[in-house]
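Model, not experiment: these values are computed from the prediction.
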Amino acid sequence: MDKLILIDGNNIIYRAFFAMPPLTNTAGQQTNAVYGFTTMLLRLIDDYKPSHLIVAFDAGKITFRHEGYEDYKGGRQKTPPELSEQFPMLKDLLRDLGVPQFEISGYEADDIIGSISREADAAGREVIIVSGDKDMLQLASEHTTVALVRKGVTEVELYGPQQIREKYDLTPEQIIDLKGLMGDTSDNIPGVPGVGEKTALKLLHQFGSVEGVLAGTGELKGKMKEKLEEHADSAVMSKKLATIYREVPLEHAWEDMAFSGIKTETAGPALAKLEFKSLLERLSLSAYAPAANGEGTGAEASGAAETAVLDITIVGEAELEALIAALPDISALHVETNGENPHRSEVIGIGLSSPEQHYFVPLALLKSPAAAPLRDWLGDSSAPKSGYDLHRADLALHWQGIAFAGAANDVQLAAYLLDPTEANQNLNDLTAKYGLPRLSPDEEVFGKGAKYKIPELEILGNHVARKSATVLGIVQKQQQELTETAMTGLFVDLEMPLSRILADMEKQGIAVNKEDLKELGKEFEAQISTLVTEIYEICGTEFNLNSPKQLGEILFVKLGLPVVKKTKTGYSTDAEVLEKLAPYHDVVRLILQYRTIAKLQSTYVEGLLKEISEETGKVHTFYRQTIAATGRLSSQFPNLQNIPIRLEEGRKIRKVFVPSEPGWSILAADYSQIELRVLAHISGDERMKEAFLEDMDIHTKTAMDVFGVTADQVDSNMRRSAKAVNFGIVYGISDYGLSQNLNIPRKEAAQFIEQYFEVFKGVRKYMDDIVLDARKQGYVTTLLERRRYLPEINAKNFNLRSFAERTAMNTPIQGTAADIIKLAMVHMDKALYERGLKSRMLLQVHDELVFEVPPDELELMKELVPEVMAGALALSVPLKAEVSYGSNWYEAK
DNA sequence: CATATCACG
DNA sequence: ACGTACGTGATATGT
């Protein structure tokens, strides 16, 4: 398919000149406009892959328009010599790149473009017109799109007739009338004084055109009528001036505009001569790059591969004062850190952005006495800040002794809400998503893995400042999206406040009794060594017990045990398999025991010991708010959401989690059956609601209803089955899954499910409806409007589709439960603050909150915590939280 | 750097 | 007939 790009050469080089910092090459020539133009050109070629491409330039000084209006463009400043010099450079470069350029004596670039586009239109060819001039919108048509260049030359907005209608409710032709009425100071088109865009649009919506307006002034009154009548001539003339002349005699044929890619043989030397190293790199022409001579080369030295054009100040002592003066205008920041764990990472420096100016402040300067006002601003909760992962920034700054407050807008968090399944969207992903200038990937700037190295100040500062600048660009787009998806409230009133609360919990940390943990480790060590000796003896050989591969070899080849299950790579030896093998051979029980203890030793004793902070004697986990697709939190470094509890051996680990002050208690409160209560509410199932309204044991109640028996007839087996069915319901039930869990035939499981749905008809209806809903909308939501997209809900592949269906059933339940405990945390934080309590919230484990509490607050907290948790959100069934406490986390059971 | 296993809700 | 329960993170092997 033919595709023609028409570039308004004069307009773009002008924009590039004023948008780029005044950089020069080693020969002293200013090259900024050529550089800006070329980056934009390469980007267009990359993005649209045109088959035809031309750059049009104004030719000569006199255009036919002067004949009618002497002052045309008279208001425009004379072209500065620094720019004039770059015209021939650009034209030479375009020639060497192999990009056709047109100039026609007596005509301006837009007339050439208008005329070519008229011919292309007539031939039905696809055309993209690139310019910063809104006048060009008049050329939009079915096949012609106008790419309006914004923000320097780094962004374009595409306008077809439909976008013009959406934005102005005008046709492309009416753009001329709009200009005729409102004028354009930059082009010195007078228009009608006192008529701006708003009035002009109103008039055009009423009368359709300049002529219509002038004929219809009788219907108007007052000043407006007078103005229009007085300046009628000016309006008509302005319209004429704004009209792009589309009848330029073109001697060029379609073939003359053909573009078959960059001519690398000539482009290489030309770019090298201009010292555009990053462009050479981008075109894989680095072989042409001039040898390094140690001298900075303007745009290239500092700009690396980044294409954004920004005013960046690398702040030193000398610039600090100006930065501090500008703080009231700064709304975005980026704290550059290294490493994954924010409690251990170093702060490298911070980028700060106002809409006009961007700054980089290295850590050393940030910590210097002179930067005190800057630090005050960072810690000022009334100075709102936008950023990417502010929660992480807060922690990293905290350990540098710098307070952070005023997180107003975290773009990572917003991006997560807008699509929680998109894995870890980094800033660069977001620039791509929102069409912002690309950032160099961190790996390019810092190097990856062992090669990690902080680059020289200039490169570092530019990179980090670009990040904060990028944040500014992202914020606005996201706010609109959040509004459109009804998630503004969720973002502003829940997730943003929660991120600050999480940071407080993490800074606080939870104390770990190191000696007791080591003692426990010795016990485990002894058990492990006994087990290992026994196992080797029984097997008659020593091998690596931790290797499933070697273990499989022993069990299934040497001992000849039956193969129950296979993995991709060989025999499965997981606990489920070993349980089945236990009756065949005594060693299997020992292996299971070994696995249990070895897990506790490596993950929970050794792992936890490594995470105890030298500084505080505590473990400081890092909650991640943007990982789980359902809205849950996740916990890292260490994960404190999977500390053992089910088996007594492991549960002992909890004894080492203690209060950080003598005499205090650990208090834990967990929601009782929160997911099933949520299900009862969402589905509205009467029977299930009844169970919770009467505060019955839900699994017993389920067994009674499914098996049709009375409470005292429910035996432990029936209750166990009912419990499994309830779990299955929450997970998005399948007969196969239930059969696996209960170790029964699939048919039996299917029967169970059918019986369940016969009784809980409302639940069946919910399950059916939510899947239909997901199919129709493409997403499901929680009670607080948290959203999860399920693109695979309509997949042809049975597996993919089934998975999406189960997710559709599960996410509103798990997600709403997550919403509720998050709400409870916000309320709890507020309650502690307002009452001036010393008790501290330390941990969240999905349906549980853990606190440390001084003795004089214990009685109060025993009441307050469950009350706040139960009252977090009003459902059609009560929420219930059960509280317990003790001298450590184990005792709080 | 992927895979298997297992800890939690 | 299809073949899996939902959501996470840490550790150890072995490629």
Side-chain angles (χ1 to χ4, degrees), chain A residues 340 420-421 448-449 543-552 565-578 591-592 594-608 610-611 621-624 626-647 649-651 653-654 670-671 673-675 679 724-742 746 749 753 780 788 795-815 817-818 821 843-849:
Chain A
E340 285 276 289
T421 48
K448 46 198 156 209
F543 60 100
N544 189 342
L545 251 178
N546 291 325
S547 163
K549 197 178 168 206
Q550 295 181 34
L551 178 62
K565 194 165 72 173
K566 289 200 140 196
T567 68
K568 274 181 230 192
T569 51
Y571 309 112
S572 171
T573 66
D574 65 20
E576 194 191 323
V577 169
L578 295 183
I591 294 169
L592 279 164
Y594 168 83
R595 281 259 176 93
T596 304
I597 308 296
K599 175 79 174 181
L600 295 175
Q601 182 74 320
S602 67
T603 304
Y604 297 102
V605 176
E606 289 164 2
L608 210 51
K610 279 184 231 156
E611 294 291 344
T621 190
F622 177 44
Y623 286 107
R624 298 207 54 185
T626 59
I627 299 295
T630 52
R632 277 189 174 184
L633 299 177
S634 86
S635 157
Q636 288 179 313
F637 319 130
N639 181 353
L640 294 183
Q641 291 184 318
N642 70 346
I643 302 301
I645 191 167
R646 292 171 189 171
L647 300 174
E649 300 105 294
R651 194 171 191 158
I653 300 281
R654 295 189 170 221
D670 65 306
Y671 277 112
Q673 302 296 349
I674 188 169
E675 292 189 338
L679 174 59
V725 174
N726 278 330
F727 266 94
I729 291 294
V730 169
Y731 292 155
I733 200 152
S734 76
D735 49 13
Y736 186 85
L738 184 64
S739 76
Q740 288 296 295
N741 190 286
L742 281 177
R746 215 190 70 234
I753 295 167
V780 291
R788 179 175 181 177
K796 293 219 167 55
N797 180 305
F798 176 88
N799 279 330
L800 293 178
R801 191 176 65 245
S802 301
F803 187 49
E805 287 170 359
R806 291 195 299 274
T807 310
M809 298 183 229
N810 170 266
T811 294
I813 301 171
Q814 191 181 120
I821 194 164
L843 303 175
Q844 189 252 45
V845 193
H846 308 307
D847 65 353
E848 174 187 15
L849 295 176

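The residue A/Ala818 sits apart from the nucleic acid: no heavy atom pair falls under 4.0 Å. Counting non-hydrogen atoms under 4.0 angstrom, A/Thr811 reaches nothing in the nucleic acid. In this structure, A/Gln636 reaches the sugar-phosphate backbone alone: every heavy-atom distance under 4.0 Å involves primed, P, OP1 or OP2 atoms, never a base. When heavy atoms are screened at a 4.0 angstrom cut-off, A/Asn544 is found touching the sugar-phosphate backbone but no base atom. A/Gln550 comes within 4.0 angstrom of the backbone, heavy atoms only, and of no base. Among the atoms of the strands shown, only primed sugar atoms or phosphate atoms (P, OP1, OP2) are found under 4.0 Å from some heavy atom of A/Ile627. Counting non-hydrogen atoms under 4.0 angstrom, A/Ser802 reaches nothing in the nucleic acid. The residue A/Val845 sits close only to the backbone: its heavy atoms come under 4.0 Å of sugar-phosphate atoms, none of a base. Looking at heavy-atom distances under 4.0 Å, A/Asn642 makes contact with a base. Here A/Ala808 lies out of heavy-atom contact (under 4.0 Å) with every strand. Base contact: A/Gly728 has a heavy atom under 4.0 Å from a base atom. If you check every strand for non-hydrogen atoms under 4.0 Å, A/Ala629 touches sugar and phosphate atoms only. Nucleic acid contact class of A/Asn741 (heavy atoms, under 4.0 Å, all strands): base.
Of the listed nucleotides (B/dC8, B/dC6, C/dG7), C/dG7 has the atom at the smallest distance from the side chain of A/Arg788. Distances from the side chain of A/Pro548 to the nucleotides B/dA4, B/dG9, C/dG9 place B/dA4 closest. Picking from B/dA7, C/dT11, C/dA5 the nucleotide with the shortest atom distance to the side chain of A/Ser602 gives C/dT11. Looking at the side chain of A/Ile645, the nearest of the listed nucleotides B/dG9, C/dG7, B/dC6 is B/dG9.
For B/dC8, the base has no donor-acceptor partner in the side chain of A/Gln641 [N/O atoms by modelled type, under 3.5 angstrom]. Donor-acceptor pairing under 3.5 Å, judged by distance alone, is absent between the side chain of A/Arg624 and the base of C/dG9. Within 3.5 Å, a donor on the side chain of A/Ser734 pairs with an acceptor on the base of C/dT4, or the reverse. Side-chain to base pairing of A/Arg595 with B/dT5: no donor and acceptor N or O lie closer than 3.5 Å to each other.
Between A/Asp574 atom CG and B/dT5 atom P the separation is 5 Å, expressed in whole Å. The CD1 atom of A/Ile643 sits 18 Å away from the P atom of B/dC6 (whole-angstrom rounding). For the pair A/Glu649 CD and B/dA7 C1', the interatomic distance rounds to 13 Å; values are reported in whole Å.
Remark: the backbone N or O of A/Pro420 is not paired with any side-chain donor or acceptor of A/Arg788 at under 3.5 angstrom. Checked by atom type and distance alone, the side chain of A/Gln550 never pairs as donor or acceptor with a backbone atom of A/Phe543 at under 3.5 Å. Proximity of a side-chain donor or acceptor of A/Thr621 to a complementary backbone N or O of A/Gln636 within less than 3.5 Å is detected. Using a distance-only test at 3.5 Å, with no hydrogens or angles considered, no donor-acceptor pair links the side chain of A/Thr630 to the main chain of A/Gln814. Judged by distance alone, with hydrogens and angles left aside, the side-chain atoms of A/Asn810 form a donor-acceptor pair with the main-chain N or O of A/Val730 at under 3.5 Å.
Comparing A/Asn810 and A/Asn799 by the nucleotide of DNA chain C whose heavy atom lies nearest to each, the residue mapping closer to the 5' end is A/Asn799. Closest-nucleotide positions on DNA chain C for A/Phe803 and A/Phe798 were compared, and the one nearer the 5' end corresponds to A/Phe798.
Of the nucleotides present, B/dA4 is the one that pairs with C/dT11 by Watson-Crick or G-U wobble criteria, both distances under 3.5 Å.
Here the closest non-hydrogen pair linking A/Leu633 and A/Tyr623 is CD1-CD2, 4.2 Å.
With salt bridges taken as basic N to acidic carboxylate O contacts below 4.0 Å, one links A/Arg632 and A/Glu675.
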